[in-house]
Chemist: 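I'd like to ask some things about the structure below.
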Amino acid sequence: MQNLLHNLNPEQLAAVTLPAQSALILAGAGSGKTRVLTTRIAWLIQTGQISPGGILAVTFTNKAAKEMQTRLSAMLPINTRGMWIGTFHGLCNRLLRAHHRDAGLPQTFQILDSGDQLSFIKRLLKANHIDDEKFPPKTLMYFINSAKDQGLRAAQVDASDDFNRKMVGLYDLYDAQCQREGVVDFAELLLRTYELLSRNQPLREHYQERFRHILVDEFQDTNDLQYKWLKLMAGAGNRRPNAVFAVGDDDQSIYAFRGANVGNMTAFEREFEVQNLIKLEQNYRSHGHILDSANILIANNSKRLGKNLRTDAGHGEPVRVMEASSDIQEANWIIDEAKNLIREGSARSEIAILYRSNAQSRVIEHALFTANIPYRVYGGQRFFERAEIKHAIAYLQLMDNPHNDSAFLRVVNFPTRGIGARSIEQLQDAARLHHISLYAAVPHVAGKAGSALANFVRLIEGARFETQNLPLPEMVRVVLDMSQLLVHYQTEKEGADRIENLEQLVNAAVLFVSEEGFNKEAPAFTGPAVRQPVLLTNGANDVIIDADAALPTVMSPLSAFLSHASLEAGDNQAQAGQDAMQLMTVHSAKGLEFDAVFITGLEEGLFPHENSAQEEAGLEEERRLMYVAITRARKRLYLSFSQTRMLHGQTRYNMRSRFFDELPDESIKWLSPKVQPSWFGQKKSAWDEVPMAGVNQIAQNFSQTSAQQSWRVGQNVEHAKFGEGVIVNIEGSGTNARAHINFGKFGMKLLDLSIAKLEKI
DNA sequence: ATCCTTTAGAGATCA
DNA sequence: TCTAAAGGAT
């Protein structure tokens, strides 16, 4: 135990050793949050307060869950696989597999990822003759997901108008169709588990009895349903509720757009009767100037729980700011600076370039490519989302659950086997008529189409029969072969990569089987600390087997592998291993850290993004996003913006981001003059290519006042009412000249240049 | 069944 | 400007 608590600072120590009550840990960026979480678990176990089976640790990402597992197994001499550490969705999947009957699901229910869900909805709309112009699939999907994220079924959603009433009706149809096909979407995993435990008292009490300690990572990212789920698991309101150890940072809440509700933090304090709110404010990551910048910036937000990071490191380097004339010049500047850093000994992988939106990566990538610098872009297509992998998975899905119509449609004619749109229509009609799945409807289709379809069914049945006694990797290999997928890609010109990926799928199965313990005869978890499965009986005389943390006890290798494919889409394996510069959005940088960080495109409209800047809440989230970006940097931080930028095929003239005005002057070093340089006498740059519409005429007509009034596109101006703006376009001339001026938060204005009181700045 | 043209839409993410 | 997806032509 000495070792465990060794080197913790007083706040961390206090958090780790809190009594068994609910607690809220406000963990600032770089304050050792994960360390506190894992040490807390280890300490609870080591001091005998709880057995490993009594721990429930919830994260949002697989990466975070894995990280916890790894760190814990380094701290404790036990097999951590027996512990319930996972994502909300992963844990719900386990519970639903173990109690599928009580949850009203087939044992082999399958999980729709967001792509599957969208095509499912499109299919649903088509089958019900709904105009997808009036009811766009994406809108419906968002409607359904956000209702589920709030824990609401169709019947519980308030429908104020015709449109919403229709949406609610479609939500209901959607759920019914999912149920028929034996598929669940991501939100359903949580909602179904929540409903299961709400209504099934013995089950609820069993798990409440078991998980005496619940730990939650990134608590600020929880949505309403996840919060309710935690309340239920903890038995909040019970005589003896379980201890929920919630770790989060309200200043890093950047996922409101996907349903996260920071308000859960204050609700948690109240409803879980939190006695202990501990703030981790000691930062072990960033140098002083960087931290000061973050602190001063975030102080502009009004709704905060309040927290100020401090560091023992010195001030370090000032934050460097660059104003570029164009996005291209901005990229080139970044590369020059990065080259300097590399020359001074930085690893390329320790340099990150962050941007607000993905589209910005283009220009930077181009510059990096030209400069021949290796780089890695985060957030591309992931392994299990590739088309060929989805196809292979669809065959496996059909073998495990033939009623999955999405899987059926994906591969019924791939590789092509003469089953065209007409045959499919016939089949869909038959399925609708009998309220059965496409697979089950095949015998109802007669003629040539019918026999082709029957062959397909025979193929699936044959594959199932052939592989029933094979280990999973073998099964995958046989299916690749029998489905003709391999042959198909072998004959295709560009198929080599795809075949490679399909072979990777076999490897993934090998890896999965050994990691989850499916390759062993005996249960993987035999340590004394792991509790044995418990038998329960519910009212209907069914035996319920307590869900164990290990997958082999609750599902077949194939089912488990298929859920794995949906729940963990795999890395977007971009040239991993290489020492490459890191490119990513600010969102995907959360949780990471680098020696040097470039935050680019700091312009009004981009960052803060125009869609957010309208409302205060949106602006505050953008500011938190900026806070996250700043706190990624250890030693060097660079900020940049550009006077012109190509966006959607048009040149945009943005003002510099308001966030610059919220940073401490003494920590900032402007590499470019802060005031706009005068237009004349500039060296040749992208500026010179800016269209000069009207500028010349205006210049000839300045007699009415003075030379001061020669306006140009790109000129920064100040208006008494609208504040700072930038001239985007000038039309007309002389006393008729009018200009479109972008005033940022006040939007675009068309002003008469001879009337408006404008000052150059 | 495949290829080509047209069109709409372009913020961020994880499971 | 670029991309993806849908619709139309061969």
Chemist: Using a 4.5 Å cut-off on heavy atoms from C-beta on, say whether the side chain of A/Leu625 contacts that of A/Arg356.
Modeler: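 With C-beta onward as the side chain, the pair touches.
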Chemist: Listed by chain and number, what are the side-chain contact (heavy atoms from CB on, under 4.5 Å) partners of A/Asp149, not counting sequence neighbours?
Modeler: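 Expected list: A/Ala187, A/Asn223.
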Chemist: Can you list everything that forms a side-chain contact (heavy atoms from CB on, under 4.5 Å) with A/Ala294? Sequence neighbours excluded, please.
Modeler: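 A/Ala294 satisfies side-chain contact (heavy atoms from CB on, under 4.5 Å) with A/Tyr627, A/Ile630, A/Thr631 only.
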Chemist: Starting at atom CG of A/Leu125, determine the distance to atom C1' of C/dA6, rounded to an integer number of angstrom.
Modeler: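 So the CG-C1' distance, A/Leu125 to C/dA6, works out to 15 Å.
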Chemist: Please report, rounded to the nearest Å, how far the P atom of B/dG9 is from the NZ atom of A/Lys138.
Modeler: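 Checked: the NZ to P distance equals 9 Å.
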Chemist: Would you mind listing every side chain to side chain donor-acceptor pair (under 3.5 Å) that reaches into residues 122-134 of chain A, with sequence neighbours excluded?
Modeler: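 As it turns out, the side chain to side chain donor-acceptor pair (under 3.5 Å) pairs with a partner in residues 122-134 of chain A, which skip direct neighbours, are A/Arg123-A/Glu181, A/Arg123-A/Ser406.
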Chemist: If you look only at pairs with a residue in residues 135-148 of chain A, which of them pass as a salt bridge (Lys or Arg N to Asp or Glu O under 4.0 Å), with sequence neighbours excluded?
Modeler: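 Residue pairs with at least one partner in residues 135-148 of chain A: A/Lys148-A/Asp175, A/Lys148-A/Asp185, A/Lys148-A/Glu188.
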Chemist: What's the CG-C1' distance between A/Leu647 and C/dT3, to the nearest Å?
Modeler: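 Rounded to the whole Å, the gap is 14 Å.
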Chemist: Using a heavy-atom cut-off of under 4.0 Å over every strand shown, decide if A/Lys122 touches base, sugar-phosphate, or nothing.
Modeler: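 Touches sugar-phosphate only.
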Chemist: P atom, C/dA5 versus B/dA12: distance in rounded Å?
Modeler: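 Roughly 16 Å separates the two P atoms.
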Chemist: Please report the distance separating the P of C/dA4 from the corresponding atom of B/dT13, rounded so that it comes out in whole Å.
Modeler: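 Per the computed distance, 16 Å lies between those P atoms.
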Chemist: If I take atom CZ in residue A/Phe414 and atom C1' in nucleotide B/dT2, what distance separates them, rounded to the nearest angstrom?
Modeler: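 About 13 Å, once rounded to whole Å.
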Chemist: In whole Å, what separates the C1' atom of B/dG11 from that of C/dA6?
Modeler: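 Approximately 24 Å lies between the C1' atom of B/dG11 and that of C/dA6.
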Chemist: Under the rule for ring pair (Phe, Tyr, Trp, His ring centres under 6.0 Å), what residues qualify as partners of A/Phe594, not counting sequence neighbours?
Modeler: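 If we apply the ring pair (Phe, Tyr, Trp, His ring centres under 6.0 Å) test to A/Phe594, skipping adjacent residues, there are no hits.
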Chemist: Apply side-chain contact (heavy atoms from CB on, under 4.5 Å) to A/Ser559 and list each qualifying residue two or more places apart in sequence or on a separate chain.
Modeler: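 In terms of side-chain contact (heavy atoms from CB on, under 4.5 Å), with neighbours along the sequence ignored, A/Ser559 is linked to A/Arg97, A/Thr108, A/Asp400, A/Met555, A/Ser556.
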Chemist: Run the side-chain hydrogen bond (donor to acceptor under 3.5 Å, both in side chains) test against A/Glu195 and tell me which residues pass, sequence neighbours left out.
Modeler: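 Partners of A/Glu195 by the side-chain hydrogen bond (donor to acceptor under 3.5 Å, both in side chains) criterion, ordered by chain and then number, come out as A/Arg153.
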Chemist: For each nucleotide in nucleotides 10-15 of chain B, reading 5' to 3', give B when a protein heavy atom comes within less than 4.0 Å of its base, S when such contact involves only the sugar-phosphate, and - otherwise.
Modeler: BBBBBB
Chemist: Strictly under 3.5 Å: I want the nitrogen or oxygen pairs between protein and nucleotides 3-8 of chain B, one per line.
Modeler:
none

Chemist: CZ/A/Arg652 to CD/A/Glu603 distance, rounded to the nearest 0.5 angstrom?
Modeler: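 Rounded to the nearest 0.5 Å, the CZ-CD separation comes out at 8.5 Å.
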Chemist: Calculate the interatomic distance between A/Arg645 atom CZ and C/dT1 atom P; express it in whole Å.
Modeler: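 Going from A/Arg645 (CZ) to C/dT1 (P), I get 17 Å.
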Chemist: Any base atoms under 4.0 Å from A/Asn413, or only sugar-phosphate, or nothing? Heavy atoms, all strands.
Modeler: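 Sugar-phosphate contact only.
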Chemist: Using a cutoff of under 3.5 Å, can you pull out all pairs of nitrogen or oxygen atoms linking the protein to nucleotides 7-10 of chain C, with atom names and distances?
Modeler:
none

Chemist: Could I get the full list of side-chain contact (heavy atoms from CB on, under 4.5 Å) partners for A/Glu620, not counting sequence neighbours?
Modeler: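 Per chain and number, A/Glu620 pairs via side-chain contact (heavy atoms from CB on, under 4.5 Å) with A/Asn301, A/Ser302, A/Lys303, A/Glu616, A/Arg623, A/Arg624.
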Chemist: Residues in salt bridge (charged side-chain N to carboxylate O under 4.0 Å, His left out) with A/Lys231, at least two apart?
Modeler: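 Expected list: A/Glu271.
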